[in-house]
Number of protein chains: 2
Amino acid sequence: MARTDERFRSAYNRLLDICSSMDIGDQLPAETVLAERMEVSRTIVRSALQKLDSDKLIQWEGRNKTLVRKPQSKHRLEAAESALSTEELEHRFFEWILRFDVPAGTSLNVAQLSRQFGVPVHNIQELLAGLSRLGLVERRPRGGWSLLGFTSEFAVELSEFRMLLELNAVRHLLTLPPEHEIWQRLEALKREHEELKAVLKDHYHDFSLLDEKFHSAINSVVRNRFVLEAQKLIKLIFNYHYMWDKRDELERNAAAIDEHLEWIDAMLARDEVQSEAAALRHLRRSKETLLQSLRVHKFA
Amino acid sequence: MARTDERFRSAYNRLLDICSSMDIGDQLPAETVLAERMEVSRTIVRSALQKLDSDKLIQWEGRNKTLVRKPQSKHRLEAAESALSTEELEHRFFEWILRFDVPAGTSLNVAQLSRQFGVPVHNIQELLAGLSRLGLVERRPRGGWSLLGFTSEFAVELSEFRMLLELNAVRHLLTLPPEHEIWQRLEALKREHEELKAVLKDHYHDFSLLDEKFHSAINSVVRNRFVLEAQKLIKLIFNYHYMWDKRDELERNAAAIDEHLEWIDAMLARDEVQSEAAALRHLRRSKETLLQSLRVHKFA
DNA sequence: GATTTTGAGTTTAATTATTAAAAACAATAT
DNA sequence: ATATTGTTTTTAATAATTAAACTCAAAATC
């Protein structure tokens with residue numbers, strides 16, 4: 001068979017809803033109106049009307065579409081569970097790779113991944129084609145794909161790229177006028193860091209959320225689609241590593257909070273040199289942590 | 001039907017060549033050896049051998065494959081002209097967009113592009129899936145794709161991203177030791193710029209090549225897959241604009257050469273402040289040129 | 001008579017089915 | 001033992017298929 005009639009099914013159900021809100025004997029609006037309202041083509045509207053007619057829910061003659069009886073729940077068509085969206089698929093793919101430490105060089109095959117994630121082969125193809133542009137996977141000469149990423153070189157390069165982007169964000173941030181909302185956000189973040197620091201022993205798990213919030217704030221001052229796209233990947237990878245590298249979590253988070261605070265203070269003082277220095281210190285340590293967690297996993 | 005037997009046909013022809021270079025009564029090598037030499041799977045080798053056998057060109061019994069008679073040109077299978085490679089396709093796609101000023105928001109349809117470029121639908125799908133990751137195209141809700149890029153915002157963001165990357169490269173370059181090969185390359189580039197400047201009136205078209213060479217040299221000191229990937233796109237777009245924006249080409253190139261020379265001199269003098277300033281001056285003007293050429297094309 | 005709406009036919013595109021090709025495995029000959 | 005072949009299984013590219021969108025002419029309504 002060819003494409004699914006999922007679009008038809010959901011449109012039909014929406015049409016039932018429209019019928020429900022009408023009285024028996026009322027006329028349904030014109031095909032074009034329905035098509036517009038339901039955001040589908042007239043073709044779908046017509047086939048849905050046809051089904052309503054043959055199910056004796058409406059009487060359809062020319063442009064008269066009279067509601068004969070109110071639809072009941074038994075009339076609804078069950079919608080096939082919607083497949084994962086592109087973003088969900090991507091998320092689950094990374095989750096799989098990071099959680100199971102799928103090693104670089106692993107050959108990926110489309111059919112197997114398609115089964116594993118319960119999505120059409122097509123979607124996997126597109127995902128891989130996209131990731132190949134980020135240098136994460138590679139098409140092998142005689143068909144098939146091969147996972148490249150998540151070697152330590154990858155982590156180093158990603159970290160360095162992250163430094164590049166965040167240092168740029170910091171430089172840009174320091175040129176913003178005092179009335180810019182970022183300064184308030186930084187003040188708030190400073191308070192949140194101090195609050196968490198006070199109760200860290202019992203809440204050190206909360207840091208990863210605060211960490212993301214902080215870095216997002218810094219990066220938010222740069223509006224650039226290329227930077228944004230890169231940050232998506234960076235966030236994903238760093239976050240996953242935070243999630244399961246549990247060694248010395250308390251100590252690491254305590255150190256990170258102090259580094260953040262230094263960094264925030266330097267920015268609030270509009271001190272360019274100190275800000276960059278503090279940013280570098282934190283980003284370098286972050287890179288080391290990522291690298292170390294990769295090593296630990298490799299030899300675990 | 002499913003996939004073409006193009007691979008088989010070309011393998012068969014190559015096998016005929018091998019037979020031609022042998023004498024009647026000779027034995028063909030083992031299947032694995034043939035497969036390796038011809039860079040195809042044994043499956044193909046075996047089906048080609050089968051055809052040779054049934055065409056009475058060889059006698060095949062177990063591991064004896066005896067050449068019975070020499071193949072003639074009539075035995076050759078005609079091969080379908082080979083399709084474009086992924087990179088060629090990408091190149092031609094950008095060429096089309098930039099040359100015909102395909103406006104942002106244009107709906108792209110896979111079947112039509114497939115015909116236009118003479119490649120299977122499949123390849124177009126993959127190309128678009130990849131480009132969607134760069135924010136150049138977008139999948140539309142009701143199927144199909146839509147071109148996003150090449151608005152002036154895109155040009156601005158691309159230019160700014162380029163600045164970010166090249167300034168980073170400059171900073172990194174200045175930390176390299178005197179024995180690094182980049183310094184010789186810069187000296188050579190300086191000479192080339194001066195030579196071209198002397199004869200610019202008659203050879204101003206040669207600048208775009210030198211320009212690419214110069215920027216590639218600067219960027220070559222950064223080894224990072226994300227940076228590299230971004231630079232591919234940047235190079236492509238800037239180069240195309242150079243290619244057909246012919247207004248004031250002589251003046252623009254003369255100015256650019258002077259900017260490059262200032263920049264090179266500052267780097268050779270290991271002057272960090274001057275290098276960055278010169279780089280910024282050139283990159284800012286470059287951005288303006290790109291923007292202007294976009295405007296001109298839009299209202300032409 | 002102009003406009004809206006419908007009917008029918010055509011085109012486009014997503015997905016499945018199919019087949020070529022590759023890979024894996026097992027058996028046999030050297 | 002090792003090299004080679006025979007067989008089976010798996011994978012991936014593409015053609016066929018069908019849902020959905022689009023187009024245009026005819027008919028109905030105002």
Side-chain angles (χ1 to χ4, degrees), chain A residues 1-12 27-36 38-50 60-65 80 83 107-115 119-126 128-129 139-146, chain B residues 1-12 27-36 38-51 60-65 80 83 107-115 119-126 128-129 139-145:
Chain A
M1 260 167 274
R3 43 155 79 184
T4 63
D5 59 353
E6 177 50 33
R7 232 181 135 63
F8 166 78
R9 300 166 88 85
S10 73
Y12 183 78
Q27 294 291 319
L28 278 160
E31 293 172 10
T32 42
V33 176
L34 286 171
E36 192 143 341
M38 296 159 70
E39 294 183 311
V40 292
S41 72
R42 259 186 63 219
T43 311
I44 291 205
V45 172
R46 286 173 66 79
S47 35
L49 287 173
Q50 210 132 52
W60 189 19
E61 277 164 345
R63 49 189 64 181
N64 296 327
K65 299 170 285 284
S107 71
L108 304 171
N109 87 58
V110 184
Q112 196 250 310
L113 290 173
S114 148
R115 261 174 276 129
V119 297
V121 181
H122 195 243
N123 294 11
I124 301 281
Q125 295 272 22
E126 277 190 4
L128 294 179
R139 189 193 273 291
R140 282 186 310 179
R142 289 200 224 168
W145 297 82
S146 159
Chain B
M1 258 166 275
R3 43 154 79 184
T4 63
D5 57 354
E6 177 50 33
R7 229 177 137 66
F8 166 79
R9 302 166 86 85
S10 72
Y12 183 79
Q27 294 290 320
L28 278 159
E31 292 171 11
T32 43
V33 176
L34 286 171
E36 192 143 341
M38 296 159 71
E39 294 182 311
V40 293
S41 71
R42 256 186 66 219
T43 311
I44 291 205
V45 172
R46 286 173 65 81
S47 34
L49 287 173
Q50 209 131 53
K51 180 162 172 60
W60 188 18
E61 278 165 342
R63 49 190 63 180
N64 296 326
K65 300 170 284 287
S107 71
L108 304 170
N109 89 55
V110 182
Q112 196 251 310
L113 291 172
S114 150
R115 257 174 280 129
V119 298
V121 181
H122 195 244
N123 294 12
I124 301 282
Q125 295 272 21
E126 276 191 5
L128 294 179
R139 191 190 270 294
R140 282 188 311 180
R142 290 200 225 168
W145 297 81

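A, B, ... follow the sequence lines: proteins, then strands. Residue 1 opens every chain. Owing to the predicted nature of the structure, the values given are computational and were not obtained by experimental measurement.
Residue B:Thr43 places a side-chain atom within donor-acceptor reach of the base of C:dA22, judged by atom type and a 3.5 Å distance cut-off alone.
Whole-Å rounding puts the A:Glu6 CD to C:dT16 C1' distance at 17 Å. Between the CZ atom of A:Arg46 and the P atom of C:dT10 there is a distance of 15 Å, rounded to whole Å. The interatomic distance linking B:Arg7 (CZ) with D:dA12 (P) rounds to 14 Å, in whole Å. Residue B:Gln27 contributes atom CD, which lies 14 Å from atom C1' of D:dT5 at whole-angstrom precision. Rounded to an integer number of Å, the gap from CG of A:Asp5 to P of D:dT18 is 13 Å. Atom CD of A:Gln50 and atom C1' of D:dA20 are 15 Å apart (whole Å). Rounded to an integer number of Å, the gap from CD of A:Glu31 to P of D:dC22 is 15 Å. The distance from atom CH2 of A:Trp60 to atom C1' of C:dT5 is 12 Å, rounded to the nearest whole Å.
Atoms CZ and CH2, from A:Arg46 and A:Trp60 in turn, are 4.5 Å apart once rounded to the nearest 0.5 Å. Between atom OH of residue A:Tyr12 and atom CE of residue A:Met38 there is a gap of 11.0 Å, rounded to the nearest 0.5 Å. For the atom pair CD1 (A:Ile44) and CG (A:Leu34), the distance works out to 12.5 Å, reported to the nearest 0.5 Å.
Taking the side chain to side chain contact (heavy atoms under 4.5 Å, CB included) definition, one finds that B:Ser47 meets it with B:Phe8, sequence neighbours left out. For A:Gln27, the side-chain hydrogen bond (donor to acceptor under 3.5 Å, both in side chains) partners are A:Thr66, not counting sequence neighbours. Checked against salt bridge (Lys or Arg N to Asp or Glu O under 4.0 Å), A:Arg63 has no partners two or more places apart in sequence or in another chain.
Picking from D:dT4, C:dA22, C:dT6 the nucleotide with the shortest atom distance to the side chain of A:Lys65 gives C:dT6.
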Once each nucleotide of nucleotides 25-30 of chain D is scored for protein heavy atoms under 4.0 Å, what B/S/- sequence comes out, 5' to 3'?
--BBS-

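If A:Arg42 and A:Phe8 are placed on DNA chain D by their nearest nucleotide, the residue sitting closer to the 5' end is A:Phe8.
The overall bend of the helix from C:dG1-D:dC30 to C:dT30-D:dA1, read as the angle between its terminal helix axes built from five base pairs each, is 0° when rounded to 10 degrees.
OP1 or OP2 of C:dA22 has at least one side-chain nitrogen or oxygen of B:Ser41 nearer than 4.0 Å.
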